[in-house]
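Everything below concerns the one structure shown next.
The model shown is predicted, which means the values in this text are computed figures rather than measured ones.
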Amino acid sequence: MVGKFDDIRARFIQMAAKTPPAWRFENDRQHWTVRDATDQGFPLRGEWRITLGERKPRLESGVRCWRAEAAPRLTLRLACTGPGTTVRVFWKRLGDEGFDSQRSLPLPVHADGKFHTYQLNLKSSPSYSGLLTGLAIAPVVEPPPGGTFAIHSIGLVSPK
């Protein structure tokens, strides 16, 4: 856009998303990546299915920006198999080099292969603050090869 600075700023503020980020894995990975595991490839069929390998996997979002106070909770619709019953949700703040356990919370999950919807109160962590730029999800313990994750959706939720 070409114009006066105030006009450009006003236009971009108008275009900016007014809701916290949300990802639905119906047809694609929504700019998320998987590390140390494999997925089913394209096209996705209503979910993102990941098969675990010999190392602990991690799913990472693409860069998105939101303020912590505008999105204090996370919802996750997930099915998993294997002995692990907890995943860890990480967040990255503006300026952070990477994901760190100091900026994370555990989330107990059911490893029965059925989809469940989970809620996580991110604001319960003092480190969930400021301008955030990404999320990651990883099992707490190293799962055995062949276990699976199937993710339908991940969403940050505005305060009520």
Side-chain angles (χ1 to χ4, degrees), residues 17 19-157:
T19 58
W23 301 268
R24 294 183 61 85
F25 302 102
E26 294 174 343
N27 301 307
D28 61 25
R29 294 181 189 108
Q30 301 284 289
H31 302 287
W32 280 68
T33 57
V34 61
R35 296 181 184 276
D36 298 321
T38 57
D39 66 14
Q40 83 273 25
F42 290 106
L44 301 188
R45 292 180 170 79
E47 64 192 36
W48 185 21
R49 186 163 292 278
I50 295 108
T51 303
L52 308 178
E54 295 186 17
R55 298 175 61 188
K56 190 183 331 184
R58 186 166 65 198
L59 310 174
E60 296 181 5
S61 73
V63 175
R64 297 283 302 267
C65 293
W66 70 94
R67 299 222 45 96
E69 63 273 9
R73 292 179 295 125
L74 175 119
T75 61
L76 172 65
R77 184 133 175 87
L78 169 76
C80 63
T81 62
T85 57
T86 303
V87 298
R88 186 161 283 280
V89 176
F90 299 83
W91 52 88
K92 191 168 26 172
R93 293 185 296 209
L94 184 64
D96 289 343
E97 290 292 320
F99 295 102
D100 182 309
S101 63
Q102 299 297 318
R103 294 179 307 279
S104 70
L105 285 171
L107 177 65
V109 297
H110 302 284
D112 60 7
K114 298 176 184 172
F115 275 97
H116 300 275
T117 301
Y118 302 96
Q119 299 252 341
L120 184 60
N121 182 7
L122 297 169
K123 73 177 182 178
S124 69
S125 171
S127 68
Y128 186 76
S129 63
L131 184 61
L132 301 158
T133 61
L135 291 176
I137 299 170
V140 169
V141 298
E142 192 164 325
T148 62
F149 280 105
I151 302 175
H152 180 264
S153 60
I154 301 169
L156 292 159
V157 181

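In this structure, the side chains of Val34 and Phe149 stay at 4.5 Å or more apart for every pair of heavy atoms. At a threshold of 4.5 Å between non-hydrogen side-chain atoms, the residues Ser153 and Thr75 do not count as touching. Between Asp96 and Phe90, every side-chain heavy-atom pair lies at or beyond the 4.5 Å cut-off. Side-chain atoms of Leu122 and Arg73, non-hydrogen and from C-beta on, never get closer than 4.5 Å to each other. Side-chain contact between Pro108 and Tyr118: absent, with no pair of heavy atoms (C-beta onward) separated by less than 4.5 Å. Within the 4.5 Å cutoff, side-chain heavy atoms of Trp23 are placed close to those of Arg64. Ser125 is not listed as a side-chain neighbour of Arg103, based on a closest heavy-atom distance of 4.5 Å or more. The shortest side-chain heavy-atom distance between Leu74 and Leu105 does not fall under the 4.5 Å cut-off.
Using modelled atom types, one finds a donor on one side chain and an acceptor on the other under 3.5 Å when comparing Thr117 with Arg77.
The minimum heavy-atom distance between Ala138 and Pro57, with the atom names listed, is CB-O, 3.5 Å. When all heavy atoms of Trp66 and Thr133 are compared, the closest pair comes out as CZ3-C, 4.1 Å. Taking both residues in full, the closest heavy atoms of Asn27 and Phe42 are given as O-CD2, 4.1 Å, listed atom of the first, atom of the second, then distance. Taking both residues in full, the closest heavy atoms of Gly113 and Ala79 are given as O-CB, 3.7 Å, listed atom of the first, atom of the second, then distance. Residues Arg58 and Ala136 come closest through the heavy atom pair CD-CB, 3.9 Å. Minimum interatomic distance between Ala70 and Pro20 (heavy atoms only, all atoms of both residues): O-CG, 3.3 Å.
Leu59 pairs in a side-chain contact (heavy atoms from CB on, under 4.5 Å) with only one of the listed residues (Ile151, Thr33, Leu135), which is Ile151. When each of Thr51, Asp112, Thr148 is checked for a side chain to side chain donor-acceptor pair (under 3.5 Å) with Thr81, only Thr148 meets the rule.
With rounding to the nearest 0.5 Å, the separation of CZ in Arg88 from CG in Leu120 is 10.0 Å. How far OG of Ser104 is from OH of Tyr128: 13.5 Å, rounded to the nearest 0.5 Å. With rounding to the nearest 0.5 angstrom, the CG atom of Leu132 is 8.0 Å from the CZ atom of Arg67. Considering CD1 of Ile50 and CG of Leu52, their distance stands at 8.0 Å, rounded to 0.5 Å. For the atom pair CZ (Arg45) and CD (Glu26), the distance works out to 14.0 Å, reported to the nearest 0.5 Å. We find the CZ-CZ distance between Arg55 and Arg35 to be 10.5 Å, quoted to the nearest 0.5 Å.
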Go through it in stages, so that I can follow the logic: the residues are Arg93 and Ser129, the test is side-chain contact (heavy atoms from CB on, under 4.5 Å), and I'd like the CA-CA distance, side-chain angles, deciding distance and then a yes or no.
CA-CA 8 Å; Arg93 293 185 296 209; Ser129 63; 3.5 Å; yes

side-chain contact (heavy atoms from CB on, under 4.5 Å) between Asp39 and Arg29, worked out:
CA-CA 10 Å; Asp39 66 14; Arg29 294 181 189 108; 2.5 Å; yes

Under the criterion side-chain contact (heavy atoms from CB on, under 4.5 Å), I'd like the reasoning laid out for Ile137 against Leu76: C-alpha separation, chi angles, the key distance, then a yes or no.
CA-CA 10 Å; Ile137 299 170; Leu76 172 65; 4.1 Å; yes

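Between the side chain of Gln40 and the backbone N or O of Arg49, at least one donor-acceptor pair lies under 3.5 Å. Using a distance-only test at 3.5 Å, with no hydrogens or angles considered, no donor-acceptor pair links the side chain of Thr86 to the main chain of Pro106.
Ring-plane geometry between Trp48 and Trp32 is classed as perpendicular, the angle between the planes exceeding 60 degrees on a 0 to 90 degree scale with a lower cut at 30.
Counting heavy atoms of neighbouring residues, nucleotides and ligands inside a 6.0 Å radius, atom NE2 of His116 exceeds 12 of them.
In this structure, Lys92 is positioned above the aromatic face of Phe99, its NZ or CZ under 6.0 Å from the six-membered ring centre and within 45° of the axis.
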